[in-house]
Each structure stands twice: as C-alpha cells, then as structure tokens.
Amino acid sequence: MRMRVDILTLFPNMFSSPLQESILGRAVEKGLIQIRTINIRDFALDKHQVVDDTPYGGGQGMVMKVEPIARAIESVKSQNPSAWIVYLTPQGKPLQQDMARRLSTQSHLLLLCGRYEGVDERVRELFINEEISIGDYVLTGGELAAMVLIDAVSRFIPGVLGSDRSAEEDSFFNSLLEYPQYTRPFNFRGRCVPEILLSGNHAAISLWRRREALRRTSLRRPDLLTKADLSEGEKKLLEEIFKGNSIDGDGLPIKKL
Ligand code: 4HQ
C-alpha cells in the first residue's frame with residue numbers, strides 16, 4: 001500500500017526539510033510514503049557532468065539535455081517499469097484536487113523537475129506519461145511544483161492524515177470553500193466569535209457553517225459553485241443568502257443572484 005516517489009532534479013537539497021516536517025515527515029517516518037531524490041547530474045557521463053546546452057535555432061537560456069535525463073529515467077524504470085512519469089511544467093494540465101486523488105492510487109511516481117528553459121522536447125515524447133502545472137505563473141524550476149504535488153497527493157494516502165480525518169471530508173471535495181473558523185479568545189479587540197458557535201446546538205452550527213461556506217464560495221469563487229452538485233437544501237440556502245442586498249460576514253457587499 002506504501003507509495004514510492006522518486007524525484008529527478010538538479011537540486012536534491014531543496015527537498016530535505018519540506019519533506020521532513022510535520023504531516024509529510026510523519027508519513028515518511030511511518031513508511032506510508034517513500035521519497036527518494038535522484039540527482040540528474042549523476043547521470044551525465046562526461047568529465048564535467050554537463051546537463052544543459054544552448055537551444056538549437058538560437059534564443060535565450062539553456063535547455064536540459066536529453067541523455068542524462070534518459071539515463072536517470074531508465075535507471076528507475078529498470079527497477080520498476082510501471083512507474084508513472086510526471087513532468088512539472090506550466091504547459092501541463094492544471095493540478096486539481098481530483099487529479100491529486102487519482103495520482104494517489106499510483107504505486108510509484110517519478111517526478112521530473114526542469115530548470116532553465118526546460119527539457120529537450122524528446123524527453124517529453126519518449127518518457128513522459130503526464131505533464132502537470134501547479135498554476136499559471138513561472139517558477140525558477142519544477143522543484144517547488146513537485147513538492148506541491150507530493151503534498152496534495154500524500155493527503156489522500158490512507159493513514160497520512162490522522163485516523164479521525166480524511167482528505168475526502170475537506171470542503172474542496174464538495175467543491176466549496178471552507179467556512180470561517182474561530183478559536184479562543186471569544187473577544188479579540190472587540191471582534192467577537194459568532195454566538196451560534198457557542199450555542200451547543202450542533203444542527204444550528206452545521207447549518208450556519210454550510211451557509212457561510214456557500215456565501216464565501218459564491219462571492220470569491222463563483223466558478224466553483226457551477227461545478228458543485230448542490231443538494232436541494234443548499235440551493236435553498238443560497239437563495240436565502242442572496243435575498244436582498246445584505247452585507248456578508250466579510251463586510252463585503254453581496255451581489256444579487
Ligand atoms: N516551471 N507548474 C519552468 C513552472 C511550473 C509551474 C517548471 C518553471 C518547469 C522549466 N511547473 N520549468 N507553474 O513554472 O509546474
């Protein structure tokens with residue numbers, strides 16, 4: 001049941017502390033995930049261990065050479081031919097919660113992290129199963145993207161989150177944003193916790209939370225609401241929320257639906 005993650009990178013040190021701390025660190029300690037970094041430079045066989053070169057056709061920057069990457073990938077594949085090979089790139093499919101869930105069912109992921117202008121196109125053609133982006137912005141390399149992917153995927157592996165918690169219960173699972181959370185003190189600089197949360201009335205609290213989640217989602221991420229399959233009760237709650245032009249919990253004006 002344990003998942004293996006191999007990371008091909010020129011900067012293996014980047015991965016040490018993010019994968020050793022907190023929930024991920026515990027998951028690794030417990031043997032639920034096994035993470036290895038592989039330095040692509042170790043697979044450059046020339047004297048100076050060159051891993052990049054100028055682009056054919058000219059232009060700025062450097063391109064990662066195909067041979068060291070090919071040798072690195074093949075060394076992993078020779079141990080396990082069924083490893084699923086992912087290249088992190090802004091040109092990939094945008095990472096979403098359902099993709100993270102799907103990837104968590106793989107027994108062995110191989111994440112390729114590019115630097116510079118990226119990898120020689122033949123790496124993609126010959127070796128890559130899937131290209132994934134973590135968002136529409138440009139990073140200095142694929143390493144942070146790989147860590148984001150590992151983090152999001154790990155949460156779906158049984159036992160990684162506490163036994164009383166599952167990734168399937170997160171509100172993103174229902175395509176809604178989270179409701180507001182509070183802890184002590186009750187009054188901070190005159191801003192009090194909503195009284196309902198102190199009422200002990202669990203039905204009322206859960207109704208309030210659903211309403212706040214819906215309100216927040218429709219204000220901040222209306223795109224999520226169109227995807228969410230809302231229950232009849234939730235549709236009615238939404239209608240109620242938008243009856244009149246009231247002011248929402250964030251002090252932002254609510255648009256009428
Ligand atoms: N990069 N999502 C360029 C990214 C990225 C992203 C990784 C920068 C690949 C060559 N990766 N290198 N956004 O910006 O995944």
Side-chain angles (χ1 to χ4, degrees), residues 3-19 21 24 33 35-44 48-77 83-106 108-157 167 172 221 223-224 227:
M3 178 184 224
R4 276 176 64 182
V5 183
D6 288 329
I7 304 156
L8 298 187
T9 173
L10 290 173
F11 298 97
N13 292 338
M14 284 183 72
F15 291 87
S16 44
S17 83
L19 302 176
E21 298 287 346
L24 280 187
I33 324 167
I35 303 174
R36 278 199 313 182
T37 53
I38 296 162
N39 194 333
I40 296 166
R41 199 173 295 280
D42 293 342
F43 293 85
H48 295 105
Q49 298 195 288
V50 173
V51 292
D52 60 343
D53 202 346
T54 55
Y56 270 113
Q60 58 163 4
M62 298 294 270
V63 175
M64 287 176 74
K65 292 167 66 60
V66 62
E67 303 101 307
I69 295 173
R71 274 195 287 269
I73 289 176
E74 279 161 352
S75 86
V76 173
K77 279 251 163 177
W84 184 253
I85 309 186
V86 174
Y87 177 52
L88 286 309
T89 167
Q91 297 159 50
K93 247 180 294 164
L95 179 61
Q96 302 227 290
Q97 189 72 341
D98 60 335
M99 291 171 68
R101 183 187 301 108
R102 171 175 58 75
L103 289 168
S104 75
T105 65
Q106 291 282 344
H108 189 177
L109 293 177
L110 177 52
L111 307 181
L112 174 61
C113 305
R115 283 269 149 179
Y116 322 116
E117 307 308 311
V119 298
D120 187 301
E121 188 63 19
R122 290 162 294 185
V123 170
R124 300 180 134 116
E125 293 168 2
L126 293 171
F127 301 109
I128 303 302
N129 295 119
E130 187 171 17
E131 298 185 21
I132 296 178
S133 165
I134 64 156
D136 292 338
Y137 38 79
V138 184
L139 303 170
T140 56
E143 285 78 9
L144 286 167
M147 287 184 244
V148 167
L149 180 80
I150 291 169
D151 192 291
V153 168
S154 299
R155 298 179 75 262
F156 284 103
I157 296 173
F172 235 100
R221 294 293 307 277
D223 58 305
L224 293 180
K227 279 191 273 171

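This structure is a prediction, so every number in the text was calculated from the model and none was measured. Below, all heavy atoms of this structure are taken into account, side chains as well, without hydrogens, waters or symmetry copies. Remember, it's 1-based here, ligands and their atoms both numbered in the order they're listed.
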J.: Which residues pass the side-chain contact (heavy atoms from CB on, under 4.5 Å) test with Ala146, not counting sequence neighbours?
T.: Phe15, Leu88, Leu111, Cys113
J.: Under 3.5 Å, is there a donor on one side chain and an acceptor on the other for Thr89 and Glu131?
T.: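 Their side chains do not contain a donor-acceptor pair, so the 3.5 Å distance test is not met.
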J.: Residues in side chain to side chain donor-acceptor pair (under 3.5 Å) with Lys93, at least two apart?
T.: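 By the side chain to side chain donor-acceptor pair (under 3.5 Å) rule, Lys93 matches Glu130.
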J.: Yes or no on side chain to side chain contact (heavy atoms under 4.5 Å, CB included) for Val76 and His108, after CA distance, side-chain angles and deciding distance?
T.: CA-CA 10 Å; Val76 173; His108 189 177; 3.8 Å; yes
J.: Run through all N or O atoms in ligand 1 and write down each protein N or O closer than 3.5 Å, as a pair with its distance.
T.:
residue: ligand 1; atom: 2 (N); partner: Ile134; partner atom: N; Å: 2.9
residue: ligand 1; atom: 11 (N); partner: Thr89; partner atom: N; Å: 3.4
residue: ligand 1; atom: 13 (N); partner: Gly135; partner atom: O; Å: 3.1
residue: ligand 1; atom: 13 (N); partner: Tyr137; partner atom: O; Å: 2.9
residue: ligand 1; atom: 14 (O); partner: Tyr137; partner atom: O; Å: 3.4
residue: ligand 1; atom: 14 (O); partner: Leu139; partner atom: N; Å: 2.9
residue: ligand 1; atom: 15 (O); partner: Thr89; partner atom: N; Å: 3.4

J.: With respect to Tyr116, which candidate in Thr140, Leu10, Val63 satisfies the side chain to side chain contact (heavy atoms under 4.5 Å, CB included) definition?
T.: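 Single pass found, and it is Leu10.
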J.: Considering only residues two or more places apart or on different chains, which pairs with a residue in residues 50-65 satisfy salt bridge (Lys or Arg N to Asp or Glu O under 4.0 Å)?
T.: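 For residues 50-65: Lys65-Glu67.
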